[in-house]
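What you see is a predicted model, and the numbers here were worked out from it, not measured in a lab.
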Amino acid sequence: MLVENISRNTKNFRPDKDRYYLNIAKAVAQRSPCVRRQFGAIIVKGDVIVSTGYNGPARGSVNCNEVGCLKDLLNLPSYTGYDYCPAVHAEENALLNAARHGSSVLDGILYLYGQNPDGNVTEEGRPCDRCKRALINAGIKKVVTLKPDGSIVKYDVSQWVKEDADRYIEKLREQKK
């Protein structure tokens, strides 16, 4: 009876796998030196974490939390102004860190957590177009993120291939008009 009660009570506090991995991605995000938004990414394969990454400048380069943020000074919105930001994105760093250590990410799942400076979940907890392309080419099969309301969003990376192609074709059509 005691084991049954302990088992029942433990299940109430034990997060499911998606929340477990998103909580780890949140801890990774807290390493980010970005003053605007902190992102953490982990790549899981076969229920094993094979890599982590957070958004920040290239190794050994200057951190915005040390000198200031050019995107803030220019009042640039999120998901724009990449030429003004020295950061490598969390998703990219997770892929690059796996490569540095010879870890395969093929068919892996990337968990992405983003938070604002106040610690609240970002409104846009999704990869940017540049990161989507990197994840496609690396062979990541799924991306899992969290919305501000606490709901989990799962993206099938294979769907991004068509979306990316359609977006590019549309931009071509607009320019030809």
Side-chain angles (χ1 to χ4, degrees), residues 17-148 153 155 157 160-161 164 167-168:
K17 287 288 175 109
D18 288 334
R19 291 199 188 277
Y20 168 71
Y21 287 126
L22 284 167
N23 284 334
I24 295 170
K26 179 180 181 179
V28 173
Q30 293 168 351
R31 286 284 304 148
S32 169
C34 182
V35 297
R36 296 184 86 188
R37 296 183 312 157
Q38 297 174 309
F39 279 89
I42 65 169
I43 299 172
V44 175
K45 212 176 143 175
D47 209 20
V48 173
I49 298 170
V50 296
S51 187
T52 68
Y54 53 85
N55 60 317
R59 293 170 189 261
S61 189
V62 65
N63 288 320
C64 295
N65 67 354
E66 298 169 335
V67 298
C69 175
L70 188 55
K71 283 177 71 170
D72 268 355
L73 291 174
L74 296 172
N75 200 29
L76 297 174
S78 299
Y79 292 95
T80 67
Y82 295 125
D83 291 343
Y84 298 98
C85 180
V88 178
H89 293 185
E91 305 93 318
E92 294 169 317
N93 269 326
L95 295 172
L96 294 166
N97 288 335
R100 284 174 71 97
H101 296 281
S103 299
S104 171
V105 300
L106 187 62
D107 293 326
I109 300 170
L110 183 129
Y111 290 85
L112 180 66
Y113 181 89
Q115 65 184 26
N116 296 312
D118 63 8
N120 290 320
V121 174
T122 60
E123 187 62 36
E124 317 92 356
R126 60 178 167 76
C128 70
D129 290 340
R130 181 177 84 193
C131 288
K132 284 180 180 180
R133 292 181 192 117
L135 294 168
I136 290 166
N137 282 359
I140 297 294
K141 67 179 179 181
K142 185 169 40 169
V143 172
V144 179
T145 65
L146 194 63
K147 287 185 178 180
V153 182
Y155 298 99
V157 174
W160 292 344
V161 176
D164 194 54
R167 189 171 35 255
Y168 185 75

Where is the tightest heavy-atom contact between Leu95 and Leu135, given as atom of each residue plus distance? CD1-CD2, 4.0 Å
Closest non-hydrogen atom pair between Val35 and Pro117, with its separation: O-CG, 3.2 Å
Does a sphere of radius 6.0 Å around CZ in Arg167 hold more than 12 heavy atoms from other residues, nucleotides or ligands, not counting ones at 6.0 Å or beyond? yes
Would you name the heavy atoms of Gln38 and Gln30 that are closest together and state the gap between them? NE2-O, 4.0 Å
Distance-only check: which donor-acceptor pairs under 3.5 Å involve side-chain atoms of residues 98-114, not counting sequence neighbours?
{"residue": "Ser104", "atom": "OG", "partner": "Lys45", "partner atom": "NZ", "Å": "3.0"}
{"residue": "Ser104", "atom": "OG", "partner": "Leu106", "partner atom": "N", "Å": "3.3"}
{"residue": "Tyr111", "atom": "OH", "partner": "Asp18", "partner atom": "OD1", "Å": "3.0"}

Under the criterion side chain to side chain contact (heavy atoms under 4.5 Å, CB included), I'd like the reasoning laid out for Ile24 against Thr52: C-alpha separation, chi angles, the key distance, then a yes or no. CA-CA 9 Å; Ile24 295 170; Thr52 68; 5.6 Å; no
side-chain hydrogen bond (donor to acceptor under 3.5 Å, both in side chains) for Tyr21 and Asp47? Distances and angles first, verdict last. CA-CA 10 Å; Tyr21 287 126; Asp47 209 20; 2.5 Å; yes
Heavy atoms of other groups near Lys132 NZ, more than 12 under 6.0 Å: yes
The criterion is side-chain hydrogen bond (donor to acceptor under 3.5 Å, both in side chains); which residues satisfy it with Asn55, sequence neighbours excluded? Ser32
How would you list all residue pairs meeting side chain to side chain donor-acceptor pair (under 3.5 Å) that involve residues 134-148, not counting sequence neighbours? none
Would you indicate whether the side-chain heavy atoms of Asn116 and Arg37 approach each other to under 4.5 Å? yes
How far does CZ of Arg36 sit from NZ of Lys71, to the nearest 0.5 angstrom? 5.0 Å
Interatomic distance, Ile42 atom CD1 to Asn97 atom CG [nearest 0.5 angstrom]: 13.0 Å
Glu91 meets the side-chain hydrogen bond (donor to acceptor under 3.5 Å, both in side chains) criterion, sequence neighbours left out, with none
Output the distance between atom CH2 (Trp160) and atom CD1 (Ile140), rounded to the nearest 0.5 Å. 9.5 Å
Non-hydrogen atoms of Asn63 and Pro33 that approach each other most closely: OD1-CG, 3.3 Å
With sequence neighbours left out, write down each residue that passes ring-ring contact (aromatic ring centres under 6.0 Å, His included) with Phe39, or none if nothing qualifies. none
List the atom pairs, donor and acceptor, that lie under 3.5 Å between side-chain atoms in residues 80-88 and the rest of the protein, sequence neighbours left out.
{"residue": "Thr80", "atom": "OG1", "partner": "Pro77", "partner atom": "O", "Å": "2.5"}

Heavy atoms only: give me the nearest Ala94-Ser51 pair and the separation to one decimal. O-OG, 2.6 Å
To the nearest 0.5 Å, how far apart are CD in Glu92 and CZ in Arg133? 11.5 Å
Output for pair (Asn93 CG, Arg59 CZ), nearest 0.5 Å, gives 7.0 Å
